[in-house]
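Only one structure is covered here, and it is reproduced in the block below.
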Amino acid sequence: MTPPTKPARVRFAPSPTGYLHLGGARTALYDYLLAKQSGGSFILRIEDTDQKRYVPEAEANFKNALHWLGLPPDEGPDAGGPHAPYRQSQRKAIYRQHAEQLIESGDAYYCFCSPERLDKIRAEQLANNENTRYDGKCRHLPPGEAARRVANGEEHVIRFKIPQEGTTTAHDFLRGDITVENEVLDDIILIKSDGLAVYHLAAMVDDHLMGITHVIRGSEWLPTFPIHKRIFDAFGWEEPVWVHPSLFLKPDGKGKLSKRDIQKARESGYPIFVNDMPEMGFLPEAVNNWMALIGWSYDDKTEFFTMEDLIEKFSIEKLNPSPAAINFSKLDHFNGLHIRNLEVEDFAERIRPFFEKAGYTVDNAILPKVAAAIQTRTKRLTEVGDMAGFFFEDEVELVTERIVSKKMSAGQAAEAARRLVNLFSAVTEINSDTCEQPLRDMAKEMGLKAGHIFGLLRETLTGQKISPPLFETMDILGKEKTIARLEKAAEELENG
RNA sequence: GGCCCCAUCGUCUAGUGGCCUAGGACGUAGCCCUCUCAAGGCUAAGACCGGGGUUCGACUCCCCGUGGGGUCACCA
């Protein structure tokens, strides 16, 4: 139904200054979906041009996160590809060469102003209630003189030359034309005094050289978007399709996520960093589904999407340009949906490590049955230990006050336990066909409600007040353990 | 503050001039199912930021307010 499109080349280009968070992950997802649905390529590029903010482990963090989410790059630092290297720090010469090309064409110039001078003019502008921007001092330096100073080794940067009059119009796929007065645009630095390019140059050069067809990036780039458009024009390059989805807002909708919010979310059991998600019990399927729907929708009713669905159904046309608050309770909901969508064998393998982490020794013989019993009850994989760990224990701790319900005496409880032992001993298999009616009759004989007997059974067998259905539980536990736990309870009640 | 972007239930959203007494989802409340808890089913409360236009007719188009967000570095 979607019209055939040319294979898209879409890049995810994070800066290794921190870990991959929800916002970046959503961008990566959209990148991946757009690439895959068109039979194109998903490219990972590391934008490590800022040595001061460089975090060494960040790149590995991105890769782990992308791998966990199921978004493997077709090209990138590890995957390689026709446009290697994919780390900008290794492409320094390329940027320099392009910057010099702009100097030649008159679209850029050498600037010898010191950081101190820049600070000073900024302070003055602030004091005069003016907008802060470069004052253009080096703009009109004779090219020969500037070149000579550079040749002499004088410290310098290269700045992009923005016309001082007129306007610039850049076209965003979601928002249409964005026009600004050139006078509000700054002569931004292209090459820093350390010789490395700045984002504005490096990303544009790479996007062109790498044949990127669609640039999907956060809307924090909107203010500099017209400059980027001018850079493409200065080189005479064809622009990619620009898409600026909006940012994520904190859950209450007030402001974008900050460091503090990240910590706060984590404390309340919700992740901001992708790599926190696995241990918090989230499924990558659910995270992708959930993230995709913050800022994108397919129609007025469909919300459950597998990765295959997303690849087929995603479209940048349906992206929503307005800022969106993240809604964690919906993440829980999607996690539940995707857990229930798992094959039970798959679910079993996913919960195994969580039982182990909780200190249980998993019995492979019953794990599939345990999984089946708790699958519809699980929202987060982290819950399984508390919910079903008793299946893997030899005994459960009994609290007589909890076994004896308010409606019965300890003596009655002991009697009930004894009668249950007899009842279960008499059958070859404990299941609802063989035992439910006798159990209900027994309750009536004792003047109790069936619910009281079920409650006693539940506490006795599981040590919990909530558990999977009892006959299913007993089937998994086995006749032997079931009876042993009842006998032990009866004894304790009798001696209690 | 300048510039830019955005504006439908608490939240995510559908809606592209008449299909809208505005649809769905999460959450919330109630009911049903039921051995507990879930799951599932049903129901309820809940929104077009305000004011002007344009039009026979605006949630939808335009303008102005207001509100929210982003951005103003030799960071990305």
Side-chain angles (χ1 to χ4, degrees), chain A residues 13-18 47-50 52-53 111 113-115 118-119 122 126 129-133 155-159 172 174-175 178-181 183-186 188-196 198-200 202-203 217-226 244 246-247 249 251-256 290 293-304 318 320-334 336-337 340 374-379 387 432 436 439-440 443 449-459 462 464-471 473:
Chain A
S15 179
T17 54
E47 311 226 317
D48 55 347
T49 53
D50 185 358
K52 288 189 291 294
R53 298 201 308 152
C111 171
C113 295
S114 68
L118 298 179
D119 285 346
R122 216 184 336 264
L126 245 24
N129 257 327
E130 291 168 24
N131 294 325
T132 58
R133 64 194 304 262
E155 189 151 287
H156 64 279
V157 300
I158 296 178
R159 283 184 185 272
D172 173 68
L174 300 176
R175 303 153 205 265
I178 296 171
T179 301
V180 296
E181 299 288 331
E183 62 181 24
V184 308
L185 264 19
D186 209 352
I188 49 132
I189 287 169
L190 262 16
I191 301 280
K192 296 176 281 182
S193 57
D194 67 3
L196 248 176
V198 100
Y199 173 91
H200 307 295
R217 44 132 60 170
S219 60
E220 70 267 26
W221 291 111
L222 249 18
T224 43
F225 179 29
H244 296 91
S246 71
L247 272 9
L249 268 28
D252 63 9
K254 308 247 182 298
K256 77 165 177 179
W290 172 66
L293 256 13
I294 305 176
W296 174 79
S297 64
Y298 175 63
D299 60 17
D300 60 345
K301 43 181 74 75
T302 319
E303 293 219 316
F304 181 86
K318 301 275 289 180
N320 188 150
S322 45
I326 53 177
N327 180 338
F328 284 120
S329 65
K330 206 153 183 176
L331 206 211
D332 283 329
H333 171 250
F334 278 117
L337 287 182
R340 276 169 256 138
I374 63 173
Q375 191 166 8
T376 59
R377 306 182 152 70
T378 310
K379 265 210 165 72
M387 201 182 325
S432 60
E436 183 158 358
L439 187 151
R440 288 178 186 280
K449 286 192 172 163
H452 298 134
I453 303 297
F454 281 115
L456 176 147
L457 244 190
R458 173 164 289 110
E459 274 294 345
T462 71
Q464 303 169 180
K465 58 181 186 303
I466 58 174
S467 81
L470 285 167
F471 287 105
T473 298

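In what follows, every heavy atom counts, from backbone to side chain, and hydrogens, waters and symmetry copies are set aside. Proteins get letters first, then strands, A, B, ... in listed order; numbering begins at 1 in each.
Across all strands shown, B:rC49 pairs with B:rG65; the Watson-Crick or G-U wobble distances both stay below 3.5 Å. Here B:rC33 sits opposite no nucleotide as a Watson-Crick or G-U wobble pair (both hydrogen-bonding atom distances under 3.5 Å). When both pairing distances are held under 3.5 Å, B:rA44 makes a Watson-Crick or G-U pair with B:rU28.
Taking atom CG on A:N131 and atom C1' on B:rC4, their separation rounds to 13 Å, with Å as the unit. Computed from coordinates, the A:R458 CZ to B:rA38 C1' distance equals 12 Å when rounded to whole Å. In this structure, CE of A:M387 is placed 11 Å from P of B:rA39, rounded to the nearest angstrom. Following rounding to the nearest Å, A:I294 (CD1) and B:rC26 (P) show an atom-to-atom distance of 15 Å.
Nearest-nucleotide assignment on RNA chain B puts the 5′-proximal partner with A:S322, out of A:K256 and A:S322. A residue-by-residue look at A:F328 and A:I466 shows that A:F328 has its nearest nucleotide of RNA chain B further toward the 5' end.
For B:rA39, one of the phosphate oxygens OP1 or OP2 lies less than 4.0 angstrom from a side-chain nitrogen or oxygen of A:K379. Taking only side-chain nitrogens and oxygens, A:N320 never comes nearer than 4.0 Å to OP1 or OP2 of B:rC6. The side chain of A:R340 places an N or O atom within less than 4.0 Å of a non-bridging phosphate oxygen (OP1 or OP2) of B:rG40. Here A:T376 does not reach the OP1 or OP2 of B:rG40: none of its side-chain N or O atoms lies under 4.0 Å away. Phosphate contact (OP1/OP2 of B:rC75, side-chain N/O of A:K192, threshold under 4.0 Å): present. Side-chain N/O atoms of A:S297 include one lying less than 4.0 angstrom from OP1 or OP2 on B:rA14. At B:rC74, one or more side-chain N or O atoms of A:R122 fall inside 4.0 Å of OP1 or OP2 (strictly under the cut-off). For the OP1/OP2 pair of B:rG15 and a distance below 4.0 Å, the side-chain nitrogens and oxygens of A:K318 include at least one atom meeting the criterion. Phosphate contact (OP1/OP2 of B:rC75, side-chain N/O of A:K52, threshold under 4.0 Å): present. The phosphate of B:rC35 (OP1 or OP2) has a side-chain N or O of A:R440 nearer than 4.0 angstrom.
Under a 3.5 Å cut-off, the side chain of A:E155 and the backbone N or O of A:S193 do not form any donor-acceptor pair. Checked by atom type and distance alone, the side chain of A:E181 never pairs as donor or acceptor with a backbone atom of A:E183 at under 3.5 Å.
Residues A:F225 and A:R217 are in side-chain contact: their nearest non-hydrogen atoms beyond the backbone lie under 4.5 Å apart.
Between B:rC74, B:rC6, B:rA25, one nucleotide has an atom nearer to the side chain of A:P321 than all others, and that is B:rC6.
Closest approach of A:M387 and A:P468 over heavy atoms only: O-CD, 4.4 Å.
With a 6.0 Å radius and a threshold of 12 heavy atoms from other residues, nucleotides or ligands, A:K192 has its NZ atom above the threshold.
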